[in-house]
Amino acid sequence: MDVSPEHTAICQDEDTISIAVMGPTGTGKTSFVNLLSGSSLRVGKDLESCTDSVQVSQPFELAGRTITLVDTPGFDDTKLTDVGVLNMIAAYLSYSHSRNQKLAGVIYLHRILDNRVGGISARSFRLFRNLCGDQSLRSVIIATTMWDKVDEDVALEREEELASKDVFFKPALKKGARLARHSNTLASAQAIIRSLIANDDCSVTLQIQEELGSGLEIFETRAGKELSREVFEQINRHREEMRGIMADIQEATRARDQESRKELADERVRIANLISKLQMDSTEMVKGYREALAKLEERVMKAEQAARESKEQSAPKSFGVPSSSGNSPVVQAVAATENTNAVLEGKLAAAIPVIGFWGKLAVMLAPFSLTWR
């Protein structure tokens, strides 16, 4: 049977592994990825998200392995809706799984600064649990961050609470997840990675990958169902707010308080827009997922086409077989300054055979953004 060039171009090298980094906005996901990989992915400030797309780090070596890290936006992203974030992450994971590429594990970051897992943090972890599934938790490390920003005794007390209470991380830890500390040092970050890749057969298929691979629609997955439930609750809370605002507007009208009435009217419009946006996102979840997946596939196909064209153009000028040792073509391509994305894309994509599937995705998608709006 003939194998298409698109298929052979993304076959993963056995020594290349990938690890997904997830967690709420502001936990330091992108900084963690950059620290380990030497990448320059955009980092947000304070609790404002800068990761509005799935980003792949450049490959790096650790413990005899070639590793890439997948940086993901949080479900509480300041720029994207939760539905958009789920579609984006699901599309990326589904695309890799459909080509028999598996993760080595997942790192979930949580700020030790937070004195309890409530509200957004609890919501984010519930969605994460439903995305991963219980069977995958043995390949999950929950890493607490920001230890340098809180008193050590307070941090230790919070860590104990997180590990010992059912309302926090205890259920996940009982099913095989592990708790670790990231002290914002390279050594602590590398220790977390080493813990995930300690086994020779370090690969895991997440629940959402299995569900989508079996033919389920995104809203039929456990993560999709959980998110739909939470969106419904958000809509009801906003409707309750709306009723309160309408009562306040009537009172301001009777009192002839035009300034308050205008402020309340503006707030009513804002909440109405939020409700409309949530309803639209919920009803178009399947459409959004399919669009995200189609755009990812299109970008990869374009990058592979650029790789083939680049090889054809450079073939007559080649002397001998390039070595995979020494300076990587990826490094040389990234270091070069070009005037157009098309030229950069071709040079980066030409390095695809060197670094395996996850590295290839990082290289192929470098000229693009994985932001789907």
### Task
Could you go through the salt bridge (charged side-chain N to carboxylate O under 4.0 Å, His left out) check for D248 and R261 one step at a time?
CA-CA 8 Å; D248 291 341; R261 187 179 184 282; over 6 Å; no

Residue pair [X] / [Y], side-chain donor-acceptor N/O under 3.5 Å:
X    : Y    : result
N34  : S39  : no
T205 : E210 : no
H182 : S188 : yes

Do the side chains of [X] and [Y] get close enough for a salt bridge, i.e. N-O under 4.0 angstrom?
X    : Y    : result
E159 : R181 : yes
R237 : E240 : no
E267 : R270 : yes
R229 : E233 : yes

### Query
Aromatic rings Y108 and F169: how do their planes relate, parallel, tilted or perpendicular, breaks at 30° and 60°?
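Y108 and F169: perpendicular rings.
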
Is it true that atom [atom1] of [X] has more than 12 heavy atoms of other residues, nucleotides or ligands lying nearer than 6.0 Å?
X    : atom1 : value
K175 : NZ    : no
R256 : CZ    : no
R138 : CZ    : no

### Task
Might you point out which heavy atoms bring R111 and T145 nearest each other, and give the distance in Å?
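In terms of heavy atoms, the two residues are closest at CA-OG1, 3.7 Å.
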
### Message
Ignoring hydrogens, what is the shortest heavy-atom contact between E217 and L212? Give both atom names and the distance.
### Response
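Looking at all heavy atoms of both residues, the closest pair is C-CD2, 4.2 Å.
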
### Message
Do R99 and Y95 form a cation-pi contact, if we require the NZ or CZ to be under 6.0 Å from the six-membered ring centre and within 45 degrees of the ring's axis?
### Response
yes

#### Entry: Verdict with supporting geometry, Q305 and R308, side-chain hydrogen bond (donor to acceptor under 3.5 Å, both in side chains)
CA-CA 5 Å; Q305 177 64 30; R308 290 192 294 273; 2.6 Å; yes

